Structure formats: structure tokens, C-alpha cells
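Shown next, in C-alpha cells, is the structure this report addresses.
Position 1 is the first residue of the sequence; numbering continues from there. These figures come from a predicted structure and were not determined experimentally.
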Amino acid sequence: MAPVTPLSASVEQQLTSAISAALPETTDVDPLLRRSDRADYQANGILALAKKNKANPRDLATDVVAHLTTGEVIKDVEVSGPGFLNITVSDKAITETLAARAADGDRLGVPLKDEPGITIIDYAQPNVAKEMHVGHLRSAVIGDALRGMLDFTGERTIGRHHIGDWGTQFGMLIQYLIENPDELSAETDTDGEQAMSNLNRVYKASRAVFDADEDFKERARKRVVALQSGDKETLDLWQRFVDESKVYFYSVFEKLDMEIRDDEIVGESAYNDGMPETARLLEEMGVAVRSEGALVVFFDDIRGKDDQPVPLIVQKADGGFGYAASDLTAIRNRVVDLHATSLLYVVDVRQSLHFKMVFEAARRAGWLTDDVTAHNMAYGTVLGADGKPFKTRAGETVRLEDLLDEAVERATAVVREKAEKVGLTEDEIVENGRYVGIGAVKYADLSTSANRDYKFDLDQMVSLNGDTSVYLQYAYARIKSILRRAEGAAPAAHPELELAPAERALGLHVDAFGATVFEAATEYAPHKLAAYLYQLASLFTTFYDQCPVLKADTEEQKENRLFLCDLTARTLHQGMALLGIRTPERL
């Protein structure tokens, strides 16, 4: 089915034509159309156009109105104040547009991009042989939501989980395992907690020996050299640590209700062989220079203490490579081999300077261009209720699994309170508790602008009131309940009917879904989609309070209001799905 033109776009098109007729010599005629409390839309562009053309704004506004044709779409236009246009669309246009959206399945009339690109999203980057903690939450949740939104617009996304699977700590771990070969012997095919328990035990034991025994420390350092040079025994043991960690990673991501594909886990080790080539190219191009034996990139605008330049170290004086080399090699791979048009990094805001330097170095090398862009989706810190970085009472970083388990436990209690009234079975209570708990954690994150810190407050997250995922999920479940109780009446659009104010407000907001998704995806701003969905649920609540559905005055009105209910539910469901949040049918 063909995409559906939003009413705002139809109104804007007619306004643009009318302005062009009133100002035939003017080429830039943006009417600056916005949703309005005074009417359906307000055009604010007349004032700027009048100033540019040395005209009286109110006279120009009146002239523009004279060139507008009211009827099918635009019902009424009023000149307001110094030259604003207040525009009301027809009830028939609202209902017909919504009917076209309803006929388009899951896409709801939302078009695909004309020229989609390939976006590589670097997100959810845990470390091998280490537990995931609350700091890993935002990268995973934000990255997954961005991927959902971009996919929906038609963009091709490729995930990259740049896991920490290389470096000096592996010399310590592998050497310990060689000397204590039975330490990773437990079966962990599917048990993530057992896998992490094994890894934790080995890590702590190896660290204790490393810190206490100088001879072992030296053997561990030699083992790093063996790893980097490709020694088979060393690589085989390294692979065991990676495989064991993946079992654990998958168990955590399953709790987060996120799909992580194995072929998209491409850690630092994958770029090891390409780093010497990256260094050579950067030096040959003059992007990087030798300084005190190291290969570095300098930047005029990045300076540290005593106004000295802060370099990006590509290769250390001892020949070793650091994060800059692997990140630049990853950019080369993603642009040259994967043909990326956009690179999106979902990383902690504290890494902003590092990525600023990496992107600039890549631009100088010609790997990033006007046609290939990179964006650092820097996110803020998860705070506790006290406004300080989220820690346990003992002052330790909170394990991600513990946090998710508690969220599900709290949410299950909330679901259980209403379960008897709805008639939920115990299995449904458990399943919905998981969806509500995980949804609450995700929504609290996604409803906040990513670059801001946010407070992790489970009591607020699982509240039925306010801007929470639970509020949206209950709105969806309420609509599904209404549809089940319709006693044979089916949703059907009736464009001939007059709409109540609450029906109009809800309908116009539903119509804006596609535009909102595109805006949120283009700006990498999932909080804008979250805000849209919260307002959608709020407008539905007002509609339900003011407009009887099952006890409507006529059968046609009942069918039309059921139609509004059904399309609102489908929009809520699709919008929440893009954010990675489930919407249970009964709550």
C-alpha cells in the first residue's frame, strides 16, 4: 500500500502554494506550521516573510488566506494577532487519513526513506571475563531503540558489539589457566550465572597471584606477547574465556529482552591484524607523526595543562597499540568493507574527547567524508535516588542482573494487585511482570535525553501514574479490553460523522506518528518518540473519559470510536516495539 500523507503535510503544501501565489517573486516560503492549542495548526512564517518583502504582516496573511481553498482538508483559516494563521482541518479529512493508516498493517501508512543508507551502530559493549553492571545498561537500551527506529524508516542497520576481549589482562588470565587447567571445567552451555561464577573465580584468583608473585607477573607478561603473536595454545585458551563470557552476555541480554546476534559481536581482537596497516597509512598520509618514539595525532584545538597539545596515541613507543588504533581500524573496516554511510557510537559521555579525536583523525585520513558521517551518541550517568552515581550500600557498582531481577520483582507485585480483577493466570502474572519490569527500566532510560544523567528510582518506574512505561502498557491493555467487550461491533471509520474535540485531538496525534518516528530517528533522539507515546496515552485517557465508546449514541458512532481505539492501540504497540518494550494484551 502507498504511504499516507500526514494532514500536517497536506496543510503545509496548500499553504506553501498560497504563499507562493501571494508572493510570486519569493522562493523560500516555509509557512512554519506547528500544532496549536488555539486551532489544529498555526502557521508562524508570515511575519518573517512580510519583513523580508517589506510588507504589512497582517495584510500579507489576509492575502494568503484569499489564495487558500477551504473544503476537503482545510475547513477554516483565521488571521490572528500580527499575522499568524490559525488553521482548522475538517473532521472528514481526519477520519479518512486515519482510515488509510489503519489499512496499512504494521506500517500504519508510514513511508520508507527514499534513499536509505547503511548505519553501523556500536552499542552494548561488555568486557570479556567481567560482570556487566549498571553502566552497561544505557548503551544497550539506547542502542537497541535507535536500531529499532532506524530500521522502521528503511535504513539498513548493522550492529557492532565492540567487546573488550584483548589486552594485558588476558595474559594474566590465560597464564593462570595454563597453570590451573581445571578452573573452567564446569559445564556452562546455557547457564549464564554459572559462566560468570567461573569467570569471576578465575579472575579473582589470577589477580591475587599476579599481585603477589613477581615470577607469575613476568610469565603473564610473556603470555600477552604470545597472544598478540598468535600462539595457538594461547589463542585456544583465550577463546575459552570469550566463549564462556558470551554464555553470560546472552543470559543478561535475554533478561533485557534484547536480541544480540553472534556475528555482530566483533571485539577489539578482530581489528588486531589491521592495526599495523592503520598506523602505516596514517603515518604515510602525514595524519600521524612520531613524537618521543610514539605515533600520535595532534589537534590545534585540544590542549591540556600548560596549554600543551593532547595527542591521540595510535602506537606507543614500545610498539603496542591502544584504543585509538583499534577504533580507527574499526572505522576503516566499517566504511571500506561494510560500506557504511553512517557510524553511530553509543558510548559513555566520558569518552567524548577520545571519539572527537578519533573522528577528526579519520576525517583527515579520508575515511570519514561528507558522505560518511560519524556521531557519538554520548550518554549520561545512571544515578541513585540520592542523585549520586548508582552504587550498592557497600559502595560497589550495581550488577546489571541484580537490578533487572529487582525491577521484575517489583513489577510482578504491581501486576499481581490487579490480576484477580482481570482474571490473569499465574503464568500470565509472571510473564507480564517481566514485560512490565523490563519495560519500566527501558522507558525510564529512553524517556530522558540520552546526554543527561537520570535517577534510577524503581518505585517511580513501576508506578501506574505519570510518565512511565506501565502507564502506557495499561493504556494499551485497557484499549484491548474495550475491543474485547464490543459485543460484535467492529471498528469501522465513518468519515461522515462529526468529531468531538477529544476525538479530534487524539486523531491528529495518531496521524503524527510517522513524522515523529522520522524526527526521532534522524536526530538519534528516542526520548522524542517516548514523549509522543506518553502524550498518545494521555490523549486516549481524555478521549475515553469524554467520549463513551461502548455506550455511544449511535451504532455508527460506536464503530467510529472503536476504530479510533483500535488505531491508537496499534500505534502504541508499534511505537513501544520500536523502543524495545512489550505491550501485554491483558494487565
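- Side chain to side chain, Ser449 and Asn451 meet the donor-acceptor criterion of an N or O pair below 3.5 Å.
- Remark: side-chain polar atoms of Thr448 are paired, donor with acceptor, to backbone N or O of Ala444 under 3.5 angstrom.
- Side chains of Tyr345 and Ser139: no donor on one and acceptor on the other come within 3.5 Å.
- We find the CG-CG distance between Leu499 and Asn560 to be 6.5 Å, quoted to the nearest 0.5 Å.
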Could you walk me through whether Lys92 and Glu72 pass salt bridge (charged side-chain N to carboxylate O under 4.0 Å, His left out), step by step?
CA-CA 8 Å; Lys92 181 182 179 185; Glu72 286 295 308; 3.8 Å; yes
Using the rule given for salt bridge (charged side-chain N to carboxylate O under 4.0 Å, His left out), can you reason through Lys388 versus Asp386, listing the C-alpha separation, both sets of side-chain angles and the distance that settles it, and then say yes or no?
CA-CA 6 Å; Lys388 297 178 181 178; Asp386 58 1; 5.2 Å; no
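- Nearest heavy atoms, Asp301 versus Lys356: OD2-NZ, 3.6 Å.
- The backbone N or O of Gly117 sits less than 3.5 Å from a side-chain atom of Glu155, completing a donor-acceptor pair.
- For the residue pair Thr381 and Arg138, the shortest heavy atom distance occurs at N-NH1, 4.4 Å.
- By the 4.5 Å heavy-atom criterion applied to side chains, Val349 and Tyr379 are not counted as neighbours.
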May I have the list of side-chain donor-acceptor pairs in residues 9-24 shorter than 3.5 Å, sequence neighbours left out?
residue	atom	partner	partner atom	Å
Thr16	OG1	Glu12	O	2.8
Ser17	OG	Gln13	O	3.2
Ser20	OG	Thr16	O	2.9

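- Between the side chain of Thr341 and the backbone N or O of Ile118, at least one donor-acceptor pair lies under 3.5 Å.
- Between Val297 and Ala288, the shortest heavy-atom distance links the atoms CG2-CB, 3.8 Å.
- Listed here is the closest heavy atom pair of Ala537 and Ala475: CB-CB, 3.9 Å.
- Screening residues 517-530 for side chain to side chain donor-acceptor pair (under 3.5 Å), with sequence neighbours left out, gives Glu519-Lys528, Glu523-Lys528.
- Pairs engaging residues 495-514 under the side chain to side chain donor-acceptor pair (under 3.5 Å) rule: Asp40-Arg504, Asp91-Arg504, Arg101-Asp511, His494-Glu496, Glu503-Arg561 [sequence neighbours left out].
- Residues satisfying the ring-ring contact (aromatic ring centres under 6.0 Å, His included) criterion with Phe456, sequence neighbours excluded, are Phe390.
- Atoms CD1 and CD1, on Ile142 and Ile121 in that order, are 12.0 Å from each other to the nearest 0.5 Å.
- For the atom pair CE of Met461 and CG of Asp467, the computed distance is 12.0 Å after rounding to the nearest 0.5 Å.
- Across all non-hydrogen atoms, the minimal contact from Leu150 to Ala521 is CD2-O, 3.9 Å.
- Cation-pi geometry between Arg34 and Tyr41 is not met at under 6.0 angstrom from the ring centre and within 45 degrees of the axis.
- Among residues two or more places apart in sequence or in another chain, the salt bridge (charged side-chain N to carboxylate O under 4.0 Å, His left out) test is passed with Asp327 by none.
- Looking at heavy atoms from C-beta onward, Leu383 lies out of side-chain contact with Tyr454 at the 4.5 angstrom threshold.
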Show which side-chain atoms of residues 73-84 pair as donor or acceptor with protein atoms under 3.5 Å away, not counting sequence neighbours.
residue	atom	partner	partner atom	Å
Glu78	OE1	Asn86	ND2	3.4

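- In this structure, OG in Ser469 is found 10.0 Å from CG in Leu533, a value given to the nearest 0.5 Å.
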Before giving the answer on side chain to side chain donor-acceptor pair (under 3.5 Å), spell out for Gln473 and Thr583 the whole-Å C-alpha distance, their side-chain angles and the decisive distance to 0.1 Å.
CA-CA 5 Å; Gln473 288 168 319; Thr583 42; over 6 Å; no
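- In this structure, Leu343 and Trp367 have side chains that are not in contact, with every pair of non-hydrogen atoms separated by 4.5 Å or more.
- Counted by atom type alone, Arg332 and Thr278 present one or more donor-acceptor pairs between their side chains at under 3.5 Å.
- When side chains are defined from C-beta on, Asn333 counts as touching Asp337, because their heavy atoms get closer than 4.5 Å.
- Taking the six-membered ring where the residue is Trp, Phe540 and Tyr544 present parallel rings, their angle staying beneath 30° rather than reaching 60°.
- A distance-only check finds no donor-acceptor pair linking the side chain of Arg334 to the backbone of His339 [under 3.5 Å].
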